[in-house]
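Ligands are counted one by one from 1 in listed order, and the atoms in each one are counted from 1 as well.
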Amino acid sequence: MVDLLIKNATLPDGQTGVDIACDGGKIIAVEAGIAAGAGQVIDAGGQLVSPPFVDPHFHMDATLSLGRPRMNTSGTLLEGIALWGELKPLQTVDEIIERALHYCDIAVSMGIGAIRSHVDVCDDELKGVTALLEVREQIKDYIDLQLVAFPQDGVFRDPTAMDNTLRALDMGVDVVGGIPHFERTMAEGARSVTALCEIAAARGLMVDMHCDESDDPLSRHVETLAYETTRLGLQGRVAGSHLTSMHSMDNYYVSKLIPLMAEAELCVIPNPSINIMLQGRHDTYPKRRGQTRVRELRDAGLCVGFGQDCMMDPWYSLGRADMLDVALMGLHVGQLSSRADMTWCFDAVTQNSARIMGLQDYGLVKGCDANFVILQAKDPIEAIRLRATRLHVIRKGKVIAQTPASVAALDLPNRPKAIDPSQV
Ligand code: FE2
């Protein structure tokens with residue numbers, strides 16, 4: 001007798017007719033024809049069962065603040081940063097908590113099981129840090145929330161940012177952040193990478209920097225990030241978020257850079273929806289796409305995970321906590337259209353991002369946490385195509401969200417039979 005038995009699942013790797021037995025919050029068996037009795041049985045009807053979606057780059061302290069105190073009229077990154085600076089002194093800890101918890105409800109319903117959120121520490125009261133530490137505790141049964149100390153205004157450019165970064169880490173923030181391209185000079189940017197990586201090394205923490213979120217091909221802080229990662233022995237624990245300048249870099253230089261990044265085992269987090277919206281704004285035509293070199297980085301062996309970055313905040317008015325939207329955008333912008341590439345885009349919002357966050361017991365094998373999503377799709381490509389309905393979201397063996405099947409999707413030919421709600 002087990003707590004939960006999922007019957008007739010299709011797995012992301014293509015296995016079909018698989019049963020998943022869960023007990024005590026863990027997966028205890030993944031195989032065909034499990035005969036055990038169960039407290040709850042869900043017939044997946046051949047639909048795709050995936051580990052939860054993982055968002056490795058988000059700003060939960062800003063989400064759902066759209067229109068506060070005004071709209072971003074130019075739609076640019078720099079006006080977004082200025083607008084965020086206007087909102088920060090106005091908002092309260094309670095307001096940030098309320099918005100974040102609202103967002104987490106949406107995220108759970110969309111099958112997100114883990115989020116890495118940057119939290120702005122350029123606020124001497126550390127309101128965002130206080131709020132999101134509380135949120136991390138409140139939602140721990142539903143979402144693994146990892147926080148990054150993010151000096152939005154530059155750890156050297158803002159006179160109290162370094163002190164605030166250290167205070168935030170002392171308070172329990174998990175990861176060291178940075179924004180070297182926003183420091184006053186290239187030299188200061190490089191110095192910030194060194195200083196922040198040294199802090200991470202001394203404290204045994206991971207690093208995730210907003211790095212080279214610029215169209216300037218000479219914004220090369222990722223080179224310093226790779227160098228410091230190797231020098232300090234931080235391989236596998238450091239992520240470069242955005243890396244959009246790589247899109248515009250000289251190809252010869254990149255042929256040297258990517259092997260250095262691979263040597264450092266850097267993780268890479270493009271944010272497709274936001275980068276395609278915000279980059280290339282100074283271009284006439286042709287306009288650059290503003291996404292880093294996803295295919296080349298992946299093929300060089302780097303772990304690449306797509307992030308959402310923003311939803312209804314000073315930088316981006318849209319978004320709906322849908323990591324399949326993110327995968328779809330990354331797929332298009334990166335021209336990742338072969339069957340293997342499209343399937344890989346699904347990995348980029350699930351297992352790759354879980355690896356970047358260092359999640360333990362993530363996956364659909366025996367011994368992992370019983371966390372997964374049953375999607376109304378027959379495989380990862382169809383899940384992306386349809387931005388498939390999350391029929392059941394399961395956490396530690398319990399159903400925590402359900403959405404009725406989409407009738408429109410069911411009208412398509414050759415679809416697997418929908419689950420029978422009466423058997424849930
Ligand atoms: Fe960001």
Practice task
Decide whether Arg288 and Ser248 meet the rule of one side-chain donor and one side-chain acceptor closer than 3.5 Å.
Solution key: yes
Handout entry: Sphere of radius 2.8 Å around the Fe ion (ligand 1) - protein N, O or S atoms inside
Key = His57 NE2, His59 NE2, His210 NE2, Asp309 OD1
Handout entry: salt bridge (Lys or Arg N to Asp or Glu O under 4.0 Å) pairs, two or more places apart, involving residues 164-181
Key = Arg136-Asp174, Asp170-Arg203
Exercise for the section: Using the salt bridge (Lys or Arg N to Asp or Glu O under 4.0 Å) rule, collect all pairs that involve residues 393-402, keeping only residues at least two apart or in two chains. Expected result: Asp144-Arg395
Quick one: side chains of residues 100-115, donor-acceptor pairs under 3.5 Å with protein atoms, not counting sequence neighbours, listed by atom name and distance.
from	atom 1	to	atom 2	distance (Å)
Tyr103	OH	Gln308	NE2	2.8
Ser109	OG	Ile106	O	2.7

Practice task
If the plane angle is over 60° it's perpendicular, under 30° parallel, otherwise tilted; pick one for Trp84 and Trp315.
Solution key: tilted
Exercise for the section: Name the orientation class of the two ring planes belonging to Phe150 and His210 (parallel below 30°, tilted from 30 to 60°, perpendicular beyond 60°). Expected result: parallel
